[in-house]
Amino acid sequence: MKKVSLIIADPDTSYIESLAHYIRNSEFISKFDVKLFSHKDRLEQFLSGEKHIDVLLTNTKLLPENVDRFPADSVITLKENKDDEYTKQDLFKYQPISSLLSQVLSIHYEQSDQTFEKVVKKGNTQLISIYSASGGAGKTTVAINLAKQIAAQNKRVFYLNLELINSTPLLFNMEQELPSSPLLNLLKNKSEQLTSKLNEMKATDRSTNIDFFNVLLSGQEMADLTEDEIDLLIKKLVNSGNYNYIIIDLDSTVNSSVITALKKSDYIVWLLNNDIQSFHKTRYLLEELHGILNDGRFSNRVSFVLNRYTGKLDVKLANFGLKIDAFLPLVPQWKEVLSGSEITSISVFNEYIGKLYQHLSDQ
């Protein structure tokens, strides 16, 4: 995610320097771009020359008069007395720094959800689910390469992994992984803070500019999520207006996450392995899903993609009558994969991923 520009203003230089030191040495370094001020005149001079600031966090003593004339999206005041009257834009100065910064983000994101101009107009976010009827078809490999290909076209992309066993740590740096319990509680309680908290849980891969959740749910936690909860999660991402595409990496099963994602997806990339088991399960499950989803036109949103293609389709597989919309080549180098970066580094494979993206764009 793009860093939040944060201006911290307080006459106590040791206080603002301690905040900056904490940010630089914690997970908040990926969330904030910080500038410090301890004099009111210098603060106002700086604000007068800026076109846009996300957050002004200021002691009441340095709060500029007619602050609305300055280009700050969120103005949050620091109060030193707990007994003072507090509004939603006021925070107690002397509290744990982590709590203070989390509240700053919450206030900013809640306000931004209501007032900011969206990057993507409503209805223009495209959902692409990557699915298969059998495991080992290469869903995650295709999902991350497709996300990377789209992001390279200057599109905003979110990678959403809904597998029971999440592959995200293999693809992105999750060294500062956040606990999963807040996300579960927010979804199950349909909390009003869900929008702001989801933003706090996002991270951005610096090399690809792809956003993802810096949270890893266990298999049991994923299994416990209902269709309504998954629906709410996807809606929040779509309604944020931050993304052109959301790539959903699904399990090879039929559970709440899969059903909800397939219902909501604009496009479904259905992967096939070059074997009879994959074709058999696909034909059977395709018929079943029309009834499960109660969508007679479900197959119109499906693109069948044959992975590990060697240049020829056996007649026994062709007889299943599945129309193959795109092909992805067999990559000999992937017989042994020892790091996540290896699955995004094959140029020939990415050429075919580009053709797949073009196919989806043309639909």
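Note that the structure is a prediction, hence the values are computed from the model and not measured.
- Judged purely by atom type and a 3.5 angstrom limit, Asn307 uses its side chain to pair as donor or acceptor with the backbone of Ala137.
- Using modelled atom types, one finds a donor on one side chain and an acceptor on the other under 3.5 Å when comparing Asp205 with Ser207.
- The residues Lys61 and Asp10 are annotated as not salt-bridged, no charged nitrogen and carboxylate oxygen being separated by less than 4.0 angstrom.
- Sparse packing is recorded around CZ of Arg42, with 12 or fewer heavy atoms of other residues, nucleotides or ligands lying under 6.0 Å away.
- Put simply, the side chain of Glu50 never gets that close to the backbone of Leu47: no donor and acceptor are under 3.5 Å apart.
- Residues Ile150 and Ile128 form a side-chain contact, since some pair of their non-hydrogen atoms from C-beta on lies under 4.5 Å apart.
- Ion pairing between a basic and an acidic side chain is recognised when a charged N comes within 4.0 Å of a carboxylate O; Lys79 and Asp90 show such pairing.
- Counted by atom type alone, Gln277 and Asp275 present zero donor-acceptor pairs between their side chains at under 3.5 Å.
- Closest non-hydrogen pair, Ser265 versus Arg301, comes out as O-NH1, 2.6 Å.
- Not less than 6.0 angstrom separates the ring centroid of Tyr159 from the ring centroid of Phe213.
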**OP:** Please step through salt bridge (charged side-chain N to carboxylate O under 4.0 Å, His left out) for the pair Glu229 and Lys190, ending with a clear verdict.
**Re:** CA-CA 8 Å; Glu229 290 158 1; Lys190 297 179 174 59; 5.6 Å; no
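- Proximity of a side-chain donor or acceptor of Ser5 to a complementary backbone N or O of Asp54 within less than 3.5 Å is detected.
- Ring-centre distance between Phe37 and Phe46: below the 6.0 Å cut-off.
- Note on Asp325 versus Lys323: salt bridge recorded, some NZ/NE/NH1/NH2 to OD/OE distance being below 4.0 Å.
- Summarising the geometry of Ser303 relative to Gln363, their closest heavy-atom pair is OG-OE1, 3.5 Å, with the distance given to 0.1 Å.
- Heavy atoms of other residues, nucleotides or ligands lying less than 6.0 angstrom from OH of Tyr352 number 12 at most.
- Under the 3.5 Å distance criterion, the side-chain polar atoms of Gln358 are left unmatched by any main-chain donor or acceptor of Lys355.
- Looking only at distances, a side-chain donor or acceptor of Thr125 sits under 3.5 Å from a matching main-chain atom of Tyr243.
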